[in-house]
Amino acid sequence: MEKLDWPPTKIKAFRQALLNWYDAEKRDLPWRRDHDPYHILISETMLQQTQVATVIPYYERFLAQFPTVKALAAAPEAAVMKAWEGLGYYSRARRLQQAAQQVVRDYGGQWPTTAAELQALSGIGPYTAGAIASIAFNEAVPAIDGNAFRVFARLFCIEDDIAKPQTRGRFEALIGQLIDPERPGDFNQAVMDLGSSYMRAKDPDPAHSPVVAFDQSYQTNRVLDFPVKTKKPRPKVVPYFALAIESPAGWLLEQRPNSGMLADLWMFPLVARAELEGDLDAQIAQAAAQFAAEAGIAVELQLADAKLVKHTFTHQQWQLTLLTAAAPAFDLAVLPARWVPAAKLAAVALPTVQKKLFKALNGGK
DNA sequence: AACCCGTGGGC
DNA sequence: TGCCCAAGGGT
């Protein structure tokens, strides 16, 4: 598709059909109240791999807590992580704050205005750079997300696998010829609205789409054949012991390493069972020994009543066997850990799997 | 290029 | 239940 074979009149008709529909039917979303690049950045970052309905309350709270790019740049990282709690993909939160710090420090608070410059900021890739540049700064660049891939794959019956990185370039070339140079931000957002309504992944309604006359997949009765996308492998099962250790000072929560799964969040200490040997009792004894070596104190681990908690991520399924122990409030200087009383749990960022563990300890409530 | 990184909803 | 999907980016 090096060169789009549509005549200029057809290109104009497509833009008009899309934008007329958008002007009449666009969704009323909190981040569409203005074109502030800070607002666009927050919303686009939250919306990565996350549904609109999930994002809306997070967006409102986040903006109330960190109203300006300077406020976000200056905030304690723990506060940013807490505001992100439950949204997932937590590196997004750290990189969002890093981007804010880059804007303040490297640009003196004056936003770069091109997609090329924006993409150099932390956490901003080709999609988010295109979205900010087109919506906030009117640059005629595509913003290719899952919606755009689906919409244009269907419109042109494109067989390329959208899971492959090299496919993006072909879509960029195509959309670059179609995007409305007068209204690039609205064009990109119209494509997203189209991709989440008439041209959604499941149960689409292409017959009533504003661009049905341009939809080759509909005309050839192959709508659901597009986009072509390879499947992901099933999550791998990973067994752990989760150590619920309670002292008069509260629960023992460990801060996870600053890279990898649930980086920087707070959880019960985990012991990987794959490295342990023997039956359950033997493994519990090994877990206790391992903990004693790290913490410098022996605890008596017991199988909890609610013993198994499962949590599925994109690539892993954790099977957590819950062990409990009562302990004195021993010194934690050697661990990246804290005693957190129940009343102070609201102060640390907990992943959903940790909330499940607390719930299991409370008898499912 | 292939893999890693969360969560909730829908069927 | 298991699987797919949802405004991706980093390495």
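Order of the sequence lines sets the chain letters (A, B, ...), proteins ahead of strands, with each chain counted from 1.
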Does [N] have OP1 or OP2 sitting under 4.0 Å from an N or O in the side chain of [X]?
| X | N | value |
| --- | --- | --- |
| A/Thr128 | C/dG9 | yes |
| A/Gln316 | B/dC5 | yes |
| A/His311 | B/dT7 | yes |
| A/Arg150 | C/dA7 | yes |
| A/Gln166 | B/dA1 | yes |
| A/Tyr90 | B/dT7 | yes |

Any donor-acceptor pair, under 3.5 Å, between the side chain of [X] and the base of [N], if you only look at N and O atoms?
| X | N | answer |
| --- | --- | --- |
| A/Thr312 | B/dG6 | no |
| A/Arg200 | C/dA6 | no |
| A/Thr54 | B/dG8 | no |

At 4.0 Å (heavy atoms only), tell me whether A/Leu87 reaches a base, stays on the sugar-phosphate, or touches nothing.
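Here A/Leu87 touches the bases of the nucleic acid.
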Which of parallel (below 30°), tilted (30 to 60°) and perpendicular (above 60°) describes A/Phe156 and A/Phe152?
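Judged by the thresholds at 30° and 60°, the geometry between A/Phe156 and A/Phe152 is parallel.
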Is the A/Trp251-A/Phe358 ring centre distance short of 6.0 angstrom?
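Between A/Trp251 and A/Phe358, the centre distance is under 6.0 Å.
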